[in-house]
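The structure under discussion appears below in the form of C-alpha coordinates.
Positions are given from 1 along the sequence. Just so you know, these numbers come straight off a predicted model, no measurement behind them.
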Amino acid sequence: MSQILKTDLYCWCKIPARQLASRPQLKVRFRLVADSAAMGSLMAWELVEVLEANNARHLPTRAIVPCGPKCWYAPFTELVNSRKVSLRNLFVFHMDECLDWQAQPLPAKHPYNFRTFMEEHFYGGIRPELTVPETQRFWLLPSTADKVREAIAAAPVDITVGGWGQDGHIAYNQARRHPYSGITLEELAGSSIRIQENNLDTILALAQRSFGGAYQFVPPMSITLGIKECLSARKVRVYSDTGSWKQTALRVALFSEPTAEYPMTLLQKHPDAIVTATEETAAHPISENPDWELI
(Lines give C-alpha, C1' and ligand atoms only; values in the text may rest on other atoms or scores of the structure.)
Protein backbone atom coordinates (compact mmCIF):
# COMPACT_ATOMS: atom_id res chain seq x y z
CA MET A 1 0.00 0.00 0.00
CA SER A 2 1.27 3.45 -0.89
CA GLN A 3 2.40 5.64 1.99
CA ILE A 4 1.77 8.78 -0.09
CA LEU A 5 -1.69 10.30 -0.31
CA LYS A 6 -2.96 10.77 -3.84
CA THR A 7 -4.15 14.25 -2.94
CA ASP A 8 -0.60 15.23 -1.95
CA LEU A 9 0.91 13.57 -5.00
CA TYR A 10 -1.51 15.40 -7.27
CA CYS A 11 -0.54 18.76 -5.75
CA TRP A 12 3.17 18.08 -6.26
CA CYS A 13 2.77 16.77 -9.81
CA LYS A 14 0.70 19.72 -11.01
CA ILE A 15 3.46 22.27 -10.24
CA PRO A 16 5.01 23.55 -13.49
CA ALA A 17 8.63 22.47 -13.87
CA ARG A 18 10.01 26.01 -13.83
CA GLN A 19 8.32 26.71 -10.49
CA LEU A 20 9.75 23.72 -8.61
CA ALA A 21 12.92 25.38 -7.33
CA SER A 22 11.07 28.44 -5.97
CA ARG A 23 8.36 26.62 -4.02
CA PRO A 24 8.56 27.35 -0.29
CA GLN A 25 7.64 23.71 0.45
CA LEU A 26 10.86 22.47 -1.22
CA LYS A 27 12.67 20.05 1.12
CA VAL A 28 15.96 19.52 -0.71
CA ARG A 29 17.97 21.81 -2.99
CA PHE A 30 17.00 21.53 -6.63
CA ARG A 31 18.52 22.71 -9.91
CA LEU A 32 16.84 22.72 -13.31
CA VAL A 33 19.03 22.45 -16.42
CA ALA A 34 18.01 22.64 -20.05
CA ASP A 35 19.05 19.26 -21.40
CA SER A 36 21.44 16.30 -21.26
CA ALA A 37 24.39 18.30 -22.55
CA ALA A 38 24.04 20.93 -19.84
CA MET A 39 23.55 18.30 -17.17
CA GLY A 40 26.52 16.21 -18.31
CA SER A 41 28.82 19.22 -18.25
CA LEU A 42 27.68 20.20 -14.76
CA MET A 43 27.97 16.65 -13.45
CA ALA A 44 31.50 16.28 -14.84
CA TRP A 45 32.63 19.64 -13.53
CA GLU A 46 31.42 19.00 -9.98
CA LEU A 47 33.62 15.92 -9.68
CA VAL A 48 36.59 17.65 -11.34
CA GLU A 49 36.20 20.58 -8.95
CA VAL A 50 36.57 18.25 -5.96
CA LEU A 51 39.53 16.52 -7.58
CA GLU A 52 41.38 19.75 -8.33
CA ALA A 53 40.82 21.10 -4.83
CA ASN A 54 42.14 17.93 -3.21
CA ASN A 55 45.04 17.61 -5.64
CA ALA A 56 46.11 21.16 -4.84
CA ARG A 57 46.33 20.17 -1.18
CA HIS A 58 47.99 16.82 -1.97
CA LEU A 59 44.98 14.98 -0.55
CA PRO A 60 43.30 11.86 -1.89
CA THR A 61 39.80 12.05 -3.36
CA ARG A 62 37.27 9.35 -2.50
CA ALA A 63 34.20 9.24 -4.70
CA ILE A 64 31.15 7.02 -5.06
CA VAL A 65 30.36 6.93 -8.77
CA PRO A 66 27.39 5.57 -10.77
CA CYS A 67 27.10 3.74 -14.06
CA GLY A 68 25.27 6.49 -15.93
CA PRO A 69 23.76 8.73 -16.98
CA LYS A 70 25.79 8.54 -20.18
CA CYS A 71 25.86 12.29 -20.80
CA TRP A 72 28.63 13.04 -18.30
CA TYR A 73 31.43 10.72 -19.41
CA ALA A 74 32.60 12.64 -22.49
CA PRO A 75 32.66 16.00 -20.65
CA PHE A 76 34.51 14.39 -17.73
CA THR A 77 37.12 12.86 -20.04
CA GLU A 78 37.56 16.18 -21.85
CA LEU A 79 37.98 18.13 -18.61
CA VAL A 80 40.46 15.67 -17.13
CA ASN A 81 42.57 15.45 -20.26
CA SER A 82 42.51 19.14 -21.21
CA ARG A 83 43.16 20.41 -17.67
CA LYS A 84 45.62 17.59 -16.93
CA VAL A 85 43.73 16.61 -13.78
CA SER A 86 45.56 13.72 -12.20
CA LEU A 87 43.35 10.83 -11.09
CA ARG A 88 46.32 8.99 -9.59
CA ASN A 89 45.06 9.78 -6.09
CA LEU A 90 41.39 9.11 -6.81
CA PHE A 91 39.67 6.17 -5.11
CA VAL A 92 36.50 5.15 -6.95
CA PHE A 93 33.72 3.18 -5.27
CA HIS A 94 31.33 1.83 -7.87
CA MET A 95 27.73 2.07 -6.69
CA ASP A 96 26.22 -1.18 -7.83
CA GLU A 97 26.25 -4.06 -10.26
CA CYS A 98 23.61 -6.23 -11.90
CA LEU A 99 23.56 -9.99 -11.31
CA ASP A 100 21.90 -13.02 -12.86
CA TRP A 101 19.26 -15.14 -11.13
CA GLN A 102 21.97 -16.99 -9.16
CA ALA A 103 23.58 -13.72 -8.01
CA GLN A 104 26.50 -14.23 -10.38
CA PRO A 105 28.09 -11.51 -12.57
CA LEU A 106 26.63 -10.97 -16.01
CA PRO A 107 28.54 -11.77 -19.22
CA ALA A 108 31.03 -9.06 -20.12
CA LYS A 109 29.06 -7.96 -23.20
CA HIS A 110 25.69 -7.79 -21.46
CA PRO A 111 24.37 -4.19 -21.70
CA TYR A 112 23.77 -4.18 -17.94
CA ASN A 113 27.29 -5.27 -17.04
CA PHE A 114 28.26 -2.03 -15.33
CA ARG A 115 31.97 -2.82 -15.09
CA THR A 116 32.30 -3.29 -18.84
CA PHE A 117 30.47 -0.02 -19.43
CA MET A 118 32.56 1.94 -16.95
CA GLU A 119 35.86 0.56 -18.19
CA GLU A 120 34.99 1.85 -21.64
CA HIS A 121 33.20 5.13 -20.90
CA PHE A 122 34.57 6.33 -17.55
CA TYR A 123 38.15 5.05 -17.60
CA GLY A 124 38.67 4.32 -21.27
CA GLY A 125 39.32 7.79 -22.65
CA ILE A 126 41.54 9.13 -19.87
CA ARG A 127 45.20 9.66 -20.75
CA PRO A 128 47.23 6.78 -19.26
CA GLU A 129 49.46 9.02 -17.14
CA LEU A 130 46.37 10.59 -15.52
CA THR A 131 44.12 7.58 -14.99
CA VAL A 132 42.95 5.92 -11.79
CA PRO A 133 45.23 3.05 -10.72
CA GLU A 134 43.59 -0.37 -10.97
CA THR A 135 44.05 -0.95 -7.23
CA GLN A 136 41.94 2.14 -6.49
CA ARG A 137 38.92 0.99 -8.49
CA PHE A 138 36.53 -0.75 -6.11
CA TRP A 139 34.17 -2.91 -8.16
CA LEU A 140 31.13 -4.11 -6.24
CA LEU A 141 30.44 -7.86 -6.51
CA PRO A 142 29.36 -10.54 -4.02
CA SER A 143 33.02 -11.58 -3.78
CA THR A 144 34.21 -8.02 -2.99
CA ALA A 145 31.40 -6.78 -0.73
CA ASP A 146 33.32 -7.00 2.54
CA LYS A 147 36.42 -5.39 1.04
CA VAL A 148 34.38 -2.49 -0.37
CA ARG A 149 32.48 -1.99 2.89
CA GLU A 150 35.73 -1.82 4.86
CA ALA A 151 37.38 0.53 2.37
CA ILE A 152 34.47 2.99 2.46
CA ALA A 153 34.39 2.91 6.26
CA ALA A 154 38.13 3.53 6.51
CA ALA A 155 38.01 7.26 5.66
CA PRO A 156 35.47 9.95 4.70
CA VAL A 157 34.04 9.93 1.19
CA ASP A 158 34.30 13.32 -0.52
CA ILE A 159 31.41 13.07 -2.96
CA THR A 160 28.65 10.73 -4.05
CA VAL A 161 27.54 11.23 -7.64
CA GLY A 162 24.45 9.37 -8.81
CA GLY A 163 21.01 9.27 -10.29
CA TRP A 164 17.65 7.89 -9.22
CA GLY A 165 15.18 5.28 -10.37
CA GLN A 166 11.46 5.19 -11.02
CA ASP A 167 10.79 4.58 -7.32
CA GLY A 168 13.44 7.06 -6.21
CA HIS A 169 16.11 4.45 -5.65
CA ILE A 170 19.67 5.69 -5.18
CA ALA A 171 22.23 3.15 -6.35
CA TYR A 172 20.00 0.03 -6.21
CA ASN A 173 18.37 0.96 -2.91
CA GLN A 174 14.88 0.21 -4.18
CA ALA A 175 11.68 0.64 -2.23
CA ARG A 176 11.29 -2.72 -0.47
CA ARG A 177 8.07 -4.34 -1.68
CA HIS A 178 8.28 -7.76 0.00
CA PRO A 179 4.80 -8.47 1.45
CA TYR A 180 6.14 -10.20 4.58
CA SER A 181 9.32 -8.24 5.23
CA GLY A 182 8.78 -4.51 5.25
CA ILE A 183 11.39 -2.10 6.57
CA THR A 184 11.19 1.16 8.45
CA LEU A 185 12.64 4.43 7.26
CA GLU A 186 15.35 4.10 9.91
CA GLU A 187 16.29 0.63 8.66
CA LEU A 188 16.51 1.94 5.10
CA ALA A 189 18.70 4.84 6.21
CA GLY A 190 21.05 2.39 7.94
CA SER A 191 21.17 -0.08 5.06
CA SER A 192 24.56 -1.31 3.89
CA ILE A 193 25.96 -3.37 1.00
CA ARG A 194 23.67 -6.23 0.06
CA ILE A 195 22.55 -8.62 -2.68
CA GLN A 196 18.86 -8.42 -3.56
CA GLU A 197 16.12 -9.39 -5.96
CA ASN A 198 15.18 -6.51 -8.23
CA ASN A 199 11.64 -5.21 -7.83
CA LEU A 200 9.16 -6.07 -10.56
CA ASP A 201 8.59 -2.39 -11.32
CA THR A 202 12.35 -1.92 -11.70
CA ILE A 203 12.50 -4.83 -14.12
CA LEU A 204 9.62 -3.46 -16.18
CA ALA A 205 11.10 0.04 -16.24
CA LEU A 206 14.45 -1.28 -17.46
CA ALA A 207 12.75 -3.55 -19.99
CA GLN A 208 10.94 -0.58 -21.48
CA ARG A 209 14.07 1.56 -21.40
CA SER A 210 16.55 -0.88 -22.93
CA PHE A 211 14.91 -3.97 -24.41
CA GLY A 212 11.71 -2.86 -26.10
CA GLY A 213 9.70 -4.24 -23.20
CA ALA A 214 11.44 -7.65 -23.19
CA TYR A 215 11.61 -8.10 -19.42
CA GLN A 216 13.12 -11.57 -19.94
CA PHE A 217 16.53 -9.97 -20.57
CA VAL A 218 16.59 -7.64 -17.57
CA PRO A 219 18.93 -8.78 -14.76
CA PRO A 220 16.73 -10.12 -11.95
CA MET A 221 19.20 -9.41 -9.12
CA SER A 222 21.72 -6.77 -8.10
CA ILE A 223 24.29 -5.84 -5.50
CA THR A 224 24.32 -2.30 -4.18
CA LEU A 225 25.93 0.08 -1.77
CA GLY A 226 23.48 0.89 0.99
CA ILE A 227 21.97 4.24 1.78
CA LYS A 228 24.42 4.43 4.68
CA GLU A 229 27.40 4.36 2.30
CA CYS A 230 25.84 6.61 -0.35
CA LEU A 231 24.92 9.33 2.12
CA SER A 232 28.17 9.09 4.08
CA ALA A 233 29.86 11.45 1.61
CA ARG A 234 30.45 15.10 2.42
CA LYS A 235 28.58 16.05 -0.77
CA VAL A 236 25.78 14.19 -2.53
CA ARG A 237 24.81 15.16 -6.06
CA VAL A 238 22.12 13.26 -7.98
CA TYR A 239 21.09 13.93 -11.56
CA SER A 240 18.65 12.67 -14.17
CA ASP A 241 18.01 13.34 -17.83
CA THR A 242 15.93 10.21 -18.42
CA GLY A 243 12.53 11.86 -18.68
CA SER A 244 9.15 10.38 -17.94
CA TRP A 245 10.03 7.39 -15.80
CA LYS A 246 11.80 9.64 -13.25
CA GLN A 247 9.26 12.50 -13.11
CA THR A 248 7.05 11.41 -10.23
CA ALA A 249 9.95 10.26 -8.04
CA LEU A 250 11.47 13.71 -8.46
CA ARG A 251 8.31 15.44 -7.24
CA VAL A 252 8.11 13.12 -4.23
CA ALA A 253 11.77 13.71 -3.38
CA LEU A 254 11.31 17.48 -3.48
CA PHE A 255 8.11 17.77 -1.46
CA SER A 256 7.25 14.62 0.53
CA GLU A 257 8.32 13.89 4.06
CA PRO A 258 10.99 11.15 4.08
CA THR A 259 9.40 7.79 3.31
CA ALA A 260 10.74 4.28 2.68
CA GLU A 261 8.41 4.12 -0.34
CA TYR A 262 10.78 6.54 -2.12
CA PRO A 263 14.36 6.11 -0.79
CA MET A 264 15.44 9.32 -2.51
CA THR A 265 13.52 11.32 0.09
CA LEU A 266 16.35 10.55 2.53
CA LEU A 267 18.44 13.14 0.68
CA GLN A 268 16.55 15.66 2.77
CA LYS A 269 18.48 14.47 5.83
CA HIS A 270 21.88 15.15 4.25
CA PRO A 271 23.52 18.54 4.97
CA ASP A 272 24.86 19.03 1.42
CA ALA A 273 22.65 17.25 -1.12
CA ILE A 274 21.48 18.71 -4.44
CA VAL A 275 19.07 17.20 -6.97
CA THR A 276 19.49 18.20 -10.63
CA ALA A 277 17.09 17.38 -13.46
CA THR A 278 16.68 18.33 -17.09
CA GLU A 279 13.56 20.16 -18.19
CA GLU A 280 12.19 16.92 -19.64
CA THR A 281 12.67 15.07 -16.34
CA ALA A 282 11.29 17.95 -14.27
CA ALA A 283 8.16 18.18 -16.39
CA HIS A 284 5.06 16.15 -15.54
CA PRO A 285 1.96 15.19 -17.55
CA ILE A 286 -0.29 16.33 -14.71
CA SER A 287 1.23 19.82 -14.70
CA GLU A 288 0.73 20.00 -18.47
CA ASN A 289 -2.91 18.87 -18.37
CA PRO A 290 -4.62 21.01 -15.69
CA ASP A 291 -8.08 19.99 -16.92
CA TRP A 292 -7.56 16.34 -15.99
CA GLU A 293 -9.84 15.05 -13.18
CA LEU A 294 -7.84 12.54 -11.19
CA ILE A 295 -9.02 12.93 -7.61
Cationic N near anionic O, under 4.0 Å, E78 to R83: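 Here E78 does not pair with R83 in a salt bridge, since their nearest N and O are not under 4.0 Å apart.
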
- request: Take R251 and Q247 through the test side chain to side chain donor-acceptor pair (under 3.5 Å) and record every step on the way to the result.
  value: CA-CA 7 Å; R251 304 305 181 101; Q247 291 171 343; over 6 Å; no

Do the side-chain N and O atoms of [X] and [Y] include a donor-acceptor pair separated by under 3.5 angstrom?
X	Y	answer
T61	N54	yes
N55	R88	no
Y262	T248	no
D241	T278	no
N199	T202	no
S181	R176	yes

In terms of heavy-atom contacts, does [atom1] of [X] have more than 12 from other residues, nucleotides or ligands at under 6.0 Å?
X	atom1	value
R234	CZ	yes
Y215	OH	no
F217	CZ	no
L59	CG	yes

Does [X] reach the main-chain N or O of [Y] with its side chain, forming a donor-acceptor pair under 3.5 Å?
X	Y	value
S287	K14	no
R137	V132	yes
E97	R115	yes
T144	W139	yes
R209	W245	no
D158	R62	yes
T281	A277	no

- prompt: Hey, what's the ring geometry for W72 with F76, parallel, tilted or perpendicular (30° and 60° as the breaks)?
  reply: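 It falls in the tilted class, 30° to 60°.
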
- prompt: Quick one: are V92 and F122 in side-chain contact, heavy atoms under 4.5 Å?
  reply: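 Side chain of V92 against side chain of F122, heavy atoms only: contact under 4.5 Å found.
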
- request: May I ask whether I170 and I183 are part of the same hydrophobic cluster, defined by side-chain heavy atoms of I, L, V, M, F, W, Y residues being less than 4.5 angstrom apart, directly or through others?
  value: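 The answer is yes; both residues are in one hydrophobic cluster.
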
- prompt: For R31, which residues count as a salt bridge (Lys or Arg N to Asp or Glu O under 4.0 Å) partner, sequence neighbours excluded?
  reply: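 R31: salt bridge (Lys or Arg N to Asp or Glu O under 4.0 Å) contacts with E46.
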
Intermediate values then yes/no, side chain to side chain donor-acceptor pair (under 3.5 Å), R149 and S192: CA-CA 8 Å; R149 183 184 293 108; S192 188; 3.2 Å; yes

field: Qualifying residue for ring pair (Phe, Tyr, Trp, His ring centres under 6.0 Å) with H94, from F117, Y123, F114
entry: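 Among F117, Y123, F114, the one meeting ring pair (Phe, Tyr, Trp, His ring centres under 6.0 Å) with H94 is Y123.
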
